[in-house]
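Counting convention: from 1, in listed order, for ligands and their atoms alike.
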Amino acid sequence: MSAKKVAPGSAPAPGAPFYTPVQEPPVGTALDTSGPVPTLFTPLKLRSLTLQNRFAVSPMCMYSADDGHLTDFHLIHLGAFALRGVALTIVEATSVTPNGRISPEDSGLWTDSQIAPLKRIVDFIHSQGQKAGIQLGHAGRKASTLSPWNRGSRSPYKDEIAPVEAGGWPDNVWAPSAIPFSPKYPHPKEMTVEQIDGLVESFQQAAERAVKAGFDTIEIHGAHGYLLTEFLSPQSNKRTDRYGGSFENRTRLLIDVIKAVRGVIPESMPLLLRVSSTEWMEYTGEPSWDVPETIRLAKLLPDLGVDLLDVSSGGNSSAQKITVSPYYQVDIAGQVRDALRAEGEGGMLIGAVGMITSAEMARAIVQDNEEEGMVEVEGEHGQKTKADLVLLARQFLREPEFVLRTAQKLGVSVSWPKQYGRAGWPKDEEL
Ligand SMILES: Cc1cc2nc3c(=O)[nH]c(=O)nc-3n(C[C@H](O)[C@H](O)[C@H](O)COP(=O)(O)O)c2cc1C
């Protein structure tokens, strides 16, 4: 970029490969800290990374990648959140091998050509003063399926399976054991030990590529019934070797992946892990991955270099039974957080996700004390901290400006994008 003559307020964003005015402080930063500010709008530090607020965009598959490469669609989709003040935007589940994509149109990072489109998105997010993360995963037995809008009655093929003619690989689907997710999914093959070793290497290489793309953090996808969950669960993992049976054996692959990734990312870079805290199969009376096992795993994570546990649930069985209510998953995050703190394991932060749709709910989840003058929250849930960070998915699709809207609702004055300054709501306007 050539040197540009501009007024001080229009100084270029440092490091951006295109001209855009620096947003300093980043959009979504609380401007008046002389009085009490809800924890939701206070900074969160993860190793060398500082988020100016407690919002993150939860990873969301868009089923729109081109042979694993993200496109202009993703730039606009993800850029919209960063522009509007989300401190951390996490790129969708990105597969470490071609056969680990959920659908043929999923994101991937198994080859170097996939770095550049990701870097373009990271550069944009950074140009707005915000942070970028990427979720790395492998879909296991839920791979080679169709994108949601091609499923069910809209499927031109058999069941949910993406056949070869639709870009799928139904005969090369991996799982810990040869048990399909449901009769409508591909029939997987039990992974060999060589394939397991290779998978750990693939995670490591994808993490190296993510660092090259400039990401500030990586989230390992250990949730929703994809490959790492499948190994954790005694329902999907029936192996009799060192990867199946006991808790130690079922967690071995996940722990190997964490070690491999941690080993190649900078010491200063935080590492996140998403797990399904329960697979909602307790009702069967059979052994299943549940909250006590999650807590047992969580206690091992700080020593492995995991900085934040993102507490999700479900997705490993088509027979799961969930009783859904607004706090159904957030409360589990709170349980895990309490269990860690009770044992002095307070070093690892907790992310809450799932059905967070209102300003009051987001505020209550991370509020670490009830200061005078704060918004009162109805019900018992608001009275106790559940997490350190809130991750939202669908609400950001509905309202990409949710951070700005939440600030207005809670009466917090935050920085707006310079270019949108004239659109800010009047100070006391109720939304
Ligand atoms: C369109 C869509 C795509 C999703 N893709 C992913 C994904 O790539 N990785 C993941 O861990 N969760 C994924 N999820 C789950 C969300 O990250 C989130 O955990 C879930 O939607 C609950 O949060 P919400 O109530 O705020 O939507 C997806 C959800 C949606 C709606």
Peer 1: Could you tell me whether Q395 and ligand 1 have an N or O pair separated by under 3.5 Å?
Peer 2: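 Between Q395 and ligand 1 (N or O atoms, distance only) the closest approach is not under 3.5 Å.
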Peer 1: Heavy atoms only: which of P59, G351, A393, G315 lies closest to atom 14 (N) of ligand 1?
Peer 2: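 Heavy atom nearest to atom 14 (N) of ligand 1 belongs to P59.
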Peer 1: Within the side chain of T278, is there an N or O that forms a donor-acceptor pair under 3.5 Å with the backbone of D290?
Peer 2: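 Side chain of T278 to backbone of D290: no pair is present.
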Peer 1: Give me the residue, atom name and distance of the protein heavy atom closest to atom 9 (N) of ligand 1.
Peer 2: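 Going by distance alone, atom 9 (N) of ligand 1 is nearest to Q135 OE1, 2.8 Å.
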Peer 1: Should the pair D338-K384 be classified as a salt bridge under the 4.0 Å nitrogen-to-oxygen rule?
Peer 2: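 Result for this pair is yes, salt bridge flagged.
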Peer 1: Which of the numbered atoms in ligand 1 are below 4.0 angstrom from a heavy atom of G354?
Peer 2: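 The list of qualifying atoms is 22 (C), 23 (O), 25 (O).
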Peer 1: Could you name each residue pair satisfying side-chain hydrogen bond (donor to acceptor under 3.5 Å, both in side chains) that touches residues 80-98, not counting sequence neighbours?
Peer 2: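 Checked against side-chain hydrogen bond (donor to acceptor under 3.5 Å, both in side chains) - neighbours excluded - the pairs reaching residues 80-98 are T94-S107, T97-N99, T97-H138.
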Peer 1: Looking at atom 31 (C) of ligand 1, what's its closest protein heavy atom, distance included?
Peer 2: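 Result for atom 31 (C) of ligand 1: R394 CG, 3.5 Å.
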Peer 1: List for me each residue that meets side-chain contact (heavy atoms from CB on, under 4.5 Å) alongside Q235, sequence neighbours excluded, and say none if there are none.
Peer 2: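 Partners of Q235 under the side-chain contact (heavy atoms from CB on, under 4.5 Å) test: S233, E279, M281, T284, E286, S288.
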Peer 1: Check whether NZ of the Lys or CZ of the Arg R252 lies under 6.0 Å from the centre of the six-membered ring of F231 and within 45 degrees of that ring's axis.
Peer 2: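 No, a cation-pi geometry is absent between R252 and F231.
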Peer 1: Could you identify the single nearest non-hydrogen protein atom to atom 30 (C) of ligand 1 and state the distance to 0.1 Å?
Peer 2: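 Closest protein heavy atom to atom 30 (C) of ligand 1: M60 CG, 3.8 Å.
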Peer 1: Please list, in number order, the atoms of ligand 1 under 4.0 Å from a heavy atom of V353.
Peer 2: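 Taking each heavy atom of V353 in turn, ligand 1 has 18 (C), 19 (O), 23 (O) under 4.0 Å.
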Peer 1: Under 3.5 Å between some N or O of ligand 1 and some N or O of S58?
Peer 2: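 Looking only at distances, the answer is yes, because the N/O contact criterion of under 3.5 Å is met.
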Peer 1: Output the list of atoms in ligand 1 that are nearer than 4.0 Å to some heavy atom of L392, sorted by atom number.
Peer 2: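 The atoms of ligand 1 under 4.0 Å from a heavy atom of L392 are 26 (O).
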Peer 1: Hey, does M355 come in under 3.5 Å of ligand 1, counting only N/O atoms on both sides?
Peer 2: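 By distance alone, the answer is yes.
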Peer 1: Just heavy atoms, cut-off under 4.0 Å: does R274 contact ligand 1 by side chain, backbone, both, or neither?
Peer 2: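 Looking at R274 and ligand 1, just side chain atoms fall under 4.0 Å.
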Peer 1: Using heavy atoms and a 4.0 Å limit, tell me yes or no: is A223 in contact with ligand 1?
Peer 2: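 Distance cut 4.0 Å: A223 fails for ligand 1.
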Peer 1: Taking atom types as modelled, find out whether W289 and T229 have a side-chain donor-acceptor pair closer than 3.5 angstrom.
Peer 2: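 No, because no side-chain N or O of W289 sits under 3.5 Å from a partner of the opposite role on T229.
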Peer 1: Side chains of D368 and T39: do they bring a donor and an acceptor to under 3.5 Å?
Peer 2: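 There is such a pair between these side chains.
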Peer 1: Is there any N or O on A93 that sits under 3.5 Å from an N or O of ligand 1?
Peer 2: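 There is such a contact, yes.
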Peer 1: In terms of residue, atom name and distance, what is the protein heavy atom nearest to atom 1 (C) of ligand 1?
Peer 2: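 The answer is C61 O, 3.8 Å.
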Peer 1: Does D123 come within less than 4.0 Å of K119, counting only side-chain N to carboxylate O?
Peer 2: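 Yes, this pair counts.
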Peer 1: Are D388 and R337 close enough for a salt bridge, meaning some N to O gap below 4.0 Å?
Peer 2: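 Yes, this pair counts.
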